[in-house]
Amino acid sequence: MEKFVVNGGKPLFGEVNISGAKNAAVAIIPAVILCDEPCQIENIPNISDVSLISRILQQLGANVRRINKSSLYIDPTHIQTCNATTELVRGMRASYYLLGALLGKYGNAKVALPGGCNFGVRPIDQHLKGFEALGAETRLIDGAIIDAKCDNKLIGTHIYLDVVSVGATMNIMLAACKAEGQTVIENAAKEPHIVDLANFLNSMGADIRGAGTDVIKVRGVGYLHGVTYSVIPDQIEAGTYMCAAAATRGCITVNNITPKHLESISIKLREMGVKITEYDESIKVDATVKPLKRCNIKTMPHPGFPTDCQPQFVALLMGVPGTSIVNESVWDNRYQYISQFINMGAQISVEGRLAIIEGGAPLTAAPVKATDLRAGAAMIIAALQINGTTEISNIQFIERGYENVIEKFKALGADIKKVYFTGDNDAELRA
Ligand code: EPU
């Protein structure tokens with residue numbers, strides 16, 4: 001069993017380089033299925049979710065090779081099956097993009113229901129509604145596998161999303177890329193990774209307009225040619241380090257980012273008294289200037305405050321005196337991790353979608369569990385604030401989405417290491 005061990009209480013200083021965006025990469029990799037030639041994808045984060053989706057493509061018959069630490073060569077021209085029903089597929093959320101990509105390219109797809117972080121019910125009805133509007137038939141086999149197919153070609157149409165969904169927007173874009181005629185997606189999500197996926201598809205010859213607004217128009221094309229494409233920087237990884245700098249009252253520069261993607265995070269940190277200086281591709285976060293103030297946060301689809309930074313901000317706010325209220329409006333149940341913070345002495349109560357944080361209560365080191373990816377990152381931020389040694393277990397969640405997280409925090413001066421526990425009672429330990 002592996003754990004992270006953090007000796008906290010020291011401010012972070014220095015620079016950190018941000019990797020490519022997980023949620024863009026895990027869509028762009030299956031999107032290559034639509035291409036009629038090989039592609040090279042660069043700025044891919046070296047994380048376990050990327051390894052997983054790459055292995056799933058290999059299982060379908062694609063040739064996927066890592067060219068270097070951050071580039072993949074993907075040749076989809078030898079895909080032999082549209083059945084993606086293995087355990088690997090169940091192991092991640094983004095495997096649902098196989099539905100749109102396989103349906104768009106071959107007119108049929110059998111894909112196991114996706115796994116991923118547990119935030120309560122995670123329906124995909126809007127994805128299926130989109131595929132059906134394009135002319136596909138969908139059915140659930142044995143409660144575990146989605147079967148989507150069309151007799152002839154998918155036909156472009158108007159699709160109105162009842163909820164703003166990142167996954168449904170991207171999946172319908174994928175399916176519509178080669179459909180006959182024009183598809184209009186209304187009430188589309190506007191996250192930076194949606195624009196990135198559209199840019200990738202357009203670079204191969206697709207015709208997608210309006211990505212980044214709430215109306216996306218996709219005109220179907222016949223052939224997509226191979227390209228070399230570089231994934232955008234990870235907005236949420238950057239937000240995590242920004243939060244960690246503020247929580248430890250440090251001062252760091254976050255490099256390789258797009259400041260515009262971080263606006264909602266920067267605005268909140270500024271409101272709290274953190275000095276934020278934006279450069280072309282980096283941002284300086286200085287929490288040494290004045291005492292931090294409490295603030296309220298409501299998560300919303302982009303350009304609102306990202307739900308994927310909500311746990312990290314709760315970790316920050318629990319160390320800031322005063323009452324802060326967080327309103328999680330995207331997911332029904334994204335506060336499962338809060339009991340871990342309460343074990344550390346935090347005073348937080350949850351009422352439905354609200355978390356009420358009485359910040360400034362003394363925090364003490366306690367063993368905690370990463371309950372999901374972002375909650376795991378939040379555990380690190382909590383531990384970095386506490387004088388004492390915190391052990392974080394279930395770190396496989398964190399490694400799903402953060403490249404070299406130990407090395408990056410260490411370079412900022414954090415005392416953090418990964419340890420491998422052997423034996424039944426964790427008595428033996430080696431670094
Ligand atoms: N929803 C529906 N029906 C659908 C789809 C979504 O009701 O068919 C609801 C969901 O239940 C939720 C809301 O719509 O309440 C938004 O869900 P969305 O579809 O936007 O989420 P997702 O595509 O499943 C992606 C990210 C998540 C991130 C959300 C919201 C990936 C692989 N995952 O999930 O990222 O929280 O968008 O921004 O892109 C993470 O990276 O830690 C993570 C969980």
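Hydrogens, waters and symmetry mates play no part in the numbers below; they use all other heavy atoms, side chains included.
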Colleague: Could you verify whether a donor N or O on one side chain and an acceptor N or O on the other, from Gln310 and Gln312, lie under 3.5 Å apart?
Modeller: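 Note: Gln310 and Gln312 side chains miss the donor-acceptor criterion.
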Colleague: Hey, does Ile41 have a side-chain heavy atom less than 4.5 Å from the side chain of Phe200?
Modeller: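 Yes - at least one pair of side-chain heavy atoms lies under 4.5 Å apart.
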Colleague: Under 4.5 Å between any side-chain heavy atoms of Val50 and Lys22, yes or no?
Modeller: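 In short, these two side chains do not touch, never coming nearer than 4.5 Å.
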Colleague: Between CZ of Arg374 and OH of Tyr402, what distance do you get to the nearest 0.5 Å?
Modeller: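 The CZ atom of Arg374 sits 4.0 Å away from the OH atom of Tyr402.
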Colleague: State plainly whether the residues Lys3 and Glu391 are in salt-bridge range, i.e. N to O under 4.0 Å.
Modeller: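 Yes, this pair counts.
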Colleague: Is the shortest side-chain N to carboxylate O distance from Glu403 to Lys69 below 4.0 Å?
Modeller: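 Answer for the salt bridge query: yes.
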Colleague: Kindly compute the distance separating CD1 (Ile381) from CG (Leu316), expressed to the nearest 0.5 Å.
Modeller: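 Rounded to the nearest 0.5 Å, the CD1-CG separation comes to 7.5 Å.
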Colleague: Using 0.5 Å steps for rounding, measure from the CD1 atom of Ile406 to the CD1 atom of Ile395.
Modeller: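 One gets 7.0 Å once the value is rounded to the nearest 0.5 Å.
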Colleague: Can you confirm whether the side chains of Lys408 and Ser19 place a donor and an acceptor under 3.5 Å from each other?
Modeller: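 Lys408 vs Ser19: donor-acceptor pair found between side chains.
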Colleague: Looking at Glu407 and Lys410, is there a salt bridge between them, counting it only when a charged N and a carboxylate O are closer than 4.0 Å?
Modeller: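 Result for this pair is no, no salt bridge flagged.
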Colleague: Arg334 vs Thr307, test: side chain to side chain donor-acceptor pair (under 3.5 Å). Steps then yes/no.
Modeller: CA-CA 9 Å; Arg334 200 172 190 167; Thr307 172; 2.8 Å; yes
Colleague: Decide yes or no for Asp286 and Val274: does some side-chain heavy atom of the first lie under 4.5 Å from some side-chain heavy atom of the second?
Modeller: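 A side-chain contact is absent here, since even the closest heavy-atom pair is not under 4.5 Å.
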Colleague: Look only at the side chain of Thr213 and the backbone of Val215, and say whether a donor-acceptor pair between them is shorter than 3.5 Å.
Modeller: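 Yes, Thr213 side chain to Val215 backbone: donor-acceptor pair under 3.5 Å.
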Colleague: As an exercise, state the distance from OG of Ser48 to CD1 of Ile398, rounded to the nearest 0.5 Å.
Modeller: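 Nearest 0.5 Å value for the OG-CD1 distance: 11.0 Å.
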Colleague: Do Ser70 and Glu42 have side chains that get closer than 4.5 Å, going by heavy atoms?
Modeller: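 Ser70 vs Glu42: side chains apart.
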Colleague: Less than 6.0 angstrom from the centroid, inside 45 degrees of the normal: does Arg122 satisfy that with respect to the ring of Trp331?
Modeller: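 Here Arg122 passes the 6.0 Å and 45° test against Trp331.
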Colleague: To check you understand the geometry: which heavy-atom pair defines the closest contact between Tyr160 and Gln126, and what is its length?
Modeller: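 Looking at all heavy atoms of both residues, the shortest contact is O-OE1, 4.3 Å.
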